[in-house]
Amino acid sequence: MLVLTRKNNESIQIGDDIEIKVLAIEGEQIKIGISAPKSVDIYRKELYVDIQEQNSAAANVTLDLLKLMNQKTEDK
Amino acid sequence: MNLETKYLGEVQIDEDKIIRFSKGLPGFPDESSFIILDLPDNNAFQILQSVNTSSLAFVITNPYLFYTDYSLKLDDELLQQLEIEKQEEVAVYTIVTLKQPFSESTINLRAPIVLNTRTLKGKQYILNDNDYSSKASLTTQGTEAK
């Protein structure tokens, strides 16, 4: 990982069209502004990892569970 | 064309109904083609089956069946990516994580599958700015939605 030190209001340019700027430093929190093309999705990392993990868990269902689900919904 | 599927064996699918996810799904970046299959004898759930990988399929459902007040705002970037012009062409599904026992199963309200039914473009749309859970209860309505 490339490591750069920046002060408040300083930026990092990634490629031609992505800018990441330090907007404020408040105690332990750092406010970051990101300018990027609309085609670039930006997420908090922990949220993205959570969705990846949920997708993996959802994809790992066995056929038996599917049968179970059918039984349960038929019961209703 | 015929497609070997994870849950339903070999089925015939209409190639004109294949949905394109240009960037795949989180965790499955290379899976860009899926098709929605109905489950026999079950109207509540469908299967989102990968066209390229027969062993990859998700159980999906209509979130409004379980959370009637579920709501999401589609931002301009998403409208542009999926070429959405009218609300009527939008379909929303959520991925189900089935568990044993069934009552512990969850649905991912935080990252719904949004489709344009006209252009057949889809995306798993991660909601950055709300509190919906990625593991909302499927059976305890309302209590764990937020």
Side-chain angles (χ1 to χ4, degrees), chain A residues 1-2 6 8 11-76, chain B residues 6-9 22-29 31 39-45 47-48 50 53 55-61 75-81 94-103 105-113 123-129 133-136 138-139:
Chain A
M1 183 184 279
L2 173 68
R6 301 276 65 193
N8 199 12
S11 294
I12 292 166
Q13 180 79 24
I14 302 175
D16 290 331
D17 45 20
I18 297 177
E19 180 186 6
I20 296 174
K21 185 172 186 178
V22 180
L23 297 179
I25 303 168
E26 296 157 358
E28 289 194 336
Q29 290 198 312
I30 297 166
K31 200 173 277 179
I32 295 170
I34 303 160
S35 303
K38 289 181 181 217
S39 58
V40 177
D41 294 327
I42 300 165
Y43 308 109
R44 293 176 186 84
K45 179 75 179 186
E46 65 273 19
L47 174 58
Y48 191 76
V49 169
D50 176 43
I51 301 306
Q52 282 182 319
E53 289 173 354
Q54 275 310 302
N55 281 353
S56 292
N60 277 331
V61 172
T62 64
L63 187 56
D64 286 347
L65 272 176
L66 195 72
K67 285 176 181 164
L68 177 76
M69 181 190 71
N70 269 330
Q71 287 162 10
K72 286 289 177 181
T73 44
E74 280 164 13
D75 290 344
K76 281 184 181 172
Chain B
K6 180 173 182 181
Y7 295 116
L8 303 169
S22 64
K23 295 176 188 165
L25 303 180
F28 302 91
E31 295 288 346
L39 279 170
D41 309 321
N42 191 321
N43 296 326
F45 301 96
I47 301 293
L48 185 69
S50 164
T53 307
S55 60
L56 178 63
F58 299 95
V59 178
I60 58 172
T61 189
D75 64 25
D76 292 344
E77 288 82 354
L78 183 75
L79 298 180
Q80 209 170 54
Q81 282 175 26
T94 49
I95 294 180
V96 182
T97 304
L98 287 173
K99 294 270 176 62
Q100 201 159 15
F102 181 79
S103 58
S105 300
T106 59
I107 56 176
N108 187 344
L109 296 179
R110 191 65 186 261
I113 303 280
K123 182 183 173 79
Q124 188 171 14
Y125 181 51
I126 301 178
L127 304 173
N128 262 323
D129 295 322
S133 173
S134 63
K135 298 183 269 291
L138 191 56
T139 50

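Lettering of chains follows the sequences in order, A, B, ..., and the numbering in each one begins at 1. Note that the structure is a prediction, hence the values are computed from the model and not measured. The figures here come from the full heavy-atom set of this structure, side chains too, leaving out hydrogens, waters and symmetry mates.
- Atom CG in B/L25 sits 13.5 Å away from atom CD in A/Q54 (nearest 0.5 Å).
- The part of B/I95 that comes within reach of chain A is its side chain, from C-beta onward, which places non-hydrogen atoms under 4.5 angstrom from that chain.
- Closest approach of A/A58 to B/F58, counting heavy atoms only: CB-CD2, 4.0 Å.
- Note that CZ of B/R110 and CG of A/L47 are 4.5 Å apart. Values are rounded to the nearest 0.5 Å.
- Between the side chain of A/K38 and the backbone N or O of B/D76, no donor-acceptor pair lies under 3.5 Å.
- In this structure, CG in B/N108 is found 7.0 Å from CG in A/D50, a value given to the nearest 0.5 Å.
- Neither the backbone nor the side chain of B/L48 comes within contact range of chain A; no heavy atoms are under 4.5 Å apart.
- B/Y7 approaches A/V61 most closely through the heavy-atom pair OH-O, 3.2 Å.
- Pairing each heavy atom of B/P26 with each of A/N55, the nearest pair is O-ND2, 2.9 Å.
- With rounding to the nearest 0.5 angstrom, the CG atom of A/D41 is 9.5 Å from the OH atom of B/Y125.
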